[in-house]
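Take a look at the structure set out below.
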Amino acid sequence: MSKEITWTQEKKTSFQEDLLTWYRLEKRDLPWRESTDPYRVWVSEIMLQQTQVVTVIPYFNRFMEWFPTIEALANANEDKLLKAWEGLGYYSRVRNMQHAAKEIVKTFDGKMPNKIEDILSLKGVGPYTGGAIGSIAFSLPEPAIDGNVMRVYSRLFCLADDIALPKTRKVFDRYVRDTMSQSEPGDFNQALMDLGATICTPTKPSCETCPIQAYCEAKKTNTISKYPVKKKKEKAKPLYYVADILQNDTGAFLLEKRPSDGLLADMWTFPMREVTKKDYDRFSQIYDSHDVSTGMVAEQLNLYDEVENIKDKNLLGIVTHIFSHRKWHILVVQDKLNGLKDTHLTNQKWVYLDEFPQYVFPKPQQKMVELLKKSMNN
DNA sequence: AATTCGGGGCA
DNA sequence: TGCCCAGAATT
């Protein structure tokens with residue numbers, strides 16, 4: 001079924017040397033490369049999942065200050081932990097990491113285990129991250145196959161397997177395992193990542209400066225642009241919401257904690273409710289056609305009866321936010337009367353503006369707060 | 001095997 | 001806009 005690897009041992013060796021030589025010369029200077037301490041490698045690899053290097057750097061430095069050791073992570077306060085991750089996304093990553101840290105303290109004497117099976121047993125550590133930790137921290141000859149590596153190898157061997165399919169990772173595993181450096185697996189894996197990030201890029205790769213162009217089948221056959229093969233993703237499904245900004249007579253705002261599972265678990269937002277696209281459109285069209293810098297009252301537009309749920313509200317603005325699989329459209333409204341409304345829901349809380357930084361806000365909420373602050377300055 | 005998890009960088 | 005990013009867990 002899949003192609004055989006036809007490289008001689010001599011070719012493999014010289015390929016590895018060319019790649020490693022380039023890496024020693026050109027490798028990026030990154031905070032987590034100051035050492036190969038397993039904890040630092042682990043934290044960086046988790047943060048780097050589906051996240052670009054430039055985004056991770058400040059988060060990584062702060063995280064290491066706040067939680068310098070595995071034990072510190074295991075014992076960390078949950079709110080502080082989530083706060084350290086605020087804005088980074090995929091929040092289950094940090095919950096899983098603490099779960100794993102506790103496991104390491106309990107089962108592995110507080111030290112990252114050095115056997116690949118044990119590393120892979122940790123919550124949140126999959127084939128990629130396990131290979132990265134194993135190879136970089138413990139020099140285990142394990143591949144670390146991510147999007148970069150699949151792109152590089154798909155071109156190197158003209159592999160047309162759809163890299164969006166789960167089973168394709170096994171194909172690449174075989175190729176990388178068979179061609180990687182056994183003596184310096186950590187540098188080899190990191191070299192592939194750097195190559196994918198700086199030379200063998202998705203569009204317009206710099207083949208002229210590529211240290212392994214002589215080995216590249218796609219370069220030889222002038223088919224670079226055909227690789228990697230990847231099925232297109234579904235578009236994000238649009239969802240429509242109204243968010244209420246309510247303020248009590250002491251000036252505090254009502255916040256609501258999201259459920260413990262699902263999207264943005266345990267994070268705080270203004271109370272939101274889903275509305276139909278029809279209701280959303282009606283109101284947002286009106287919004288588009290008017291100056292909203294001073295806010296607008298639906299009531300004044302005789303839409304009182306047409307726009308259910310949002311009458312009596314001042315529209316502060318619209319927040320949109322794109323996740324990987326859905327797109328939120330949020331009408332942000334404020335009760336036009338500074339109401340004396342109260343709440344008895346346990347997942348809600350009255351919070352003053354200057355206390356907001358103590359709460360973990362996902363991006364859409366941060367955007368809504370910006371709208372609120374802007375309106376308060378007018 | 002398909003879906004569900006955020007958010008930003010960049011043409 | 002659409003694509004990609006040092007992916008893993010859940011269903």
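Below, chains carry the letters A, B, ... as their sequence lines are ordered, and counting in each starts from 1.
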Atom [atom1], compared across [N] and [M]: separation rounded to whole Å:
N	M	atom1	result
C:dC5	B:dC5	C1'	15 Å
C:dC3	B:dG6	C1'	16 Å
B:dG8	C:dA9	C1'	23 Å
B:dT3	C:dA6	C1'	22 Å

Can you tell me the distance, in whole Å, between the [atom1] atom of [X] and the [atom2] atom of [N]?
X	N	atom1	atom2	answer
A:K235	B:dT3	NZ	P	17 Å
A:D261	B:dC5	CG	C1'	12 Å
A:L165	B:dT3	CG	C1'	14 Å
A:I322	C:dC3	CD1	P	12 Å
A:Q366	B:dG7	CD	P	8 Å
A:Y227	C:dC3	OH	C1'	20 Å
A:K232	C:dC3	NZ	C1'	11 Å
A:L264	B:dT4	CG	P	14 Å

(Q) Please determine whether a side-chain nitrogen or oxygen atom of A:H321 lies at a distance below 4.0 Å from atom OP1 or OP2 of B:dG6. (A) no
(Q) What does the B/S/- profile of nucleotides 4-11 of chain C look like, 5' to 3', with a 4.0 Å heavy-atom cutoff to protein? (A) BBBBSSS-
Q | 5′-ward residue of the pair A:S92/A:K170 relative to DNA chain B | A | A:K170
Q.
Need to verify one output field. Residue with the more 5' nearest nucleotide on DNA chain B, A:L263 or A:V54?
A. A:L263
**Q.** Parallel, tilted or perpendicular: ring planes of A:F15 versus A:Y215, cut at 30 and 60 degrees
**A.** perpendicular
Q: On the 0 to 90° scale, with breaks at 30° and 60°, tag the A:F323-A:W328 ring pair as parallel, tilted or perpendicular.
A: perpendicular
Q) Judged by atom type as modelled, is there a donor-acceptor pair below 3.5 Å linking the side chain of A:S181 to the main-chain atoms of A:E184? A) yes
Q: Please answer whether the main-chain N or O of A:M272 pairs with a side-chain N or O of A:E256 as donor and acceptor at a distance below 3.5 Å.
A: no
Q: Please list, chain by chain and in numerical order, all residues satisfying side chain to side chain donor-acceptor pair (under 3.5 Å) with A:Y227, sequence neighbours excluded.
A: none
Q. With A:I46, which of A:W85, A:F63, A:F60 fulfils side-chain contact (heavy atoms from CB on, under 4.5 Å)?
A. A:W85
Q.
For residues 50-69 of chain A, which residue pairs pass the side chain to side chain donor-acceptor pair (under 3.5 Å) check, not counting sequence neighbours?
A. A:T51-A:R93
Q: Choose from B:dG8, B:dG7, B:dA2 the nucleotide whose nearest atom is closest to any side-chain atom of A:P362.
A: B:dG7
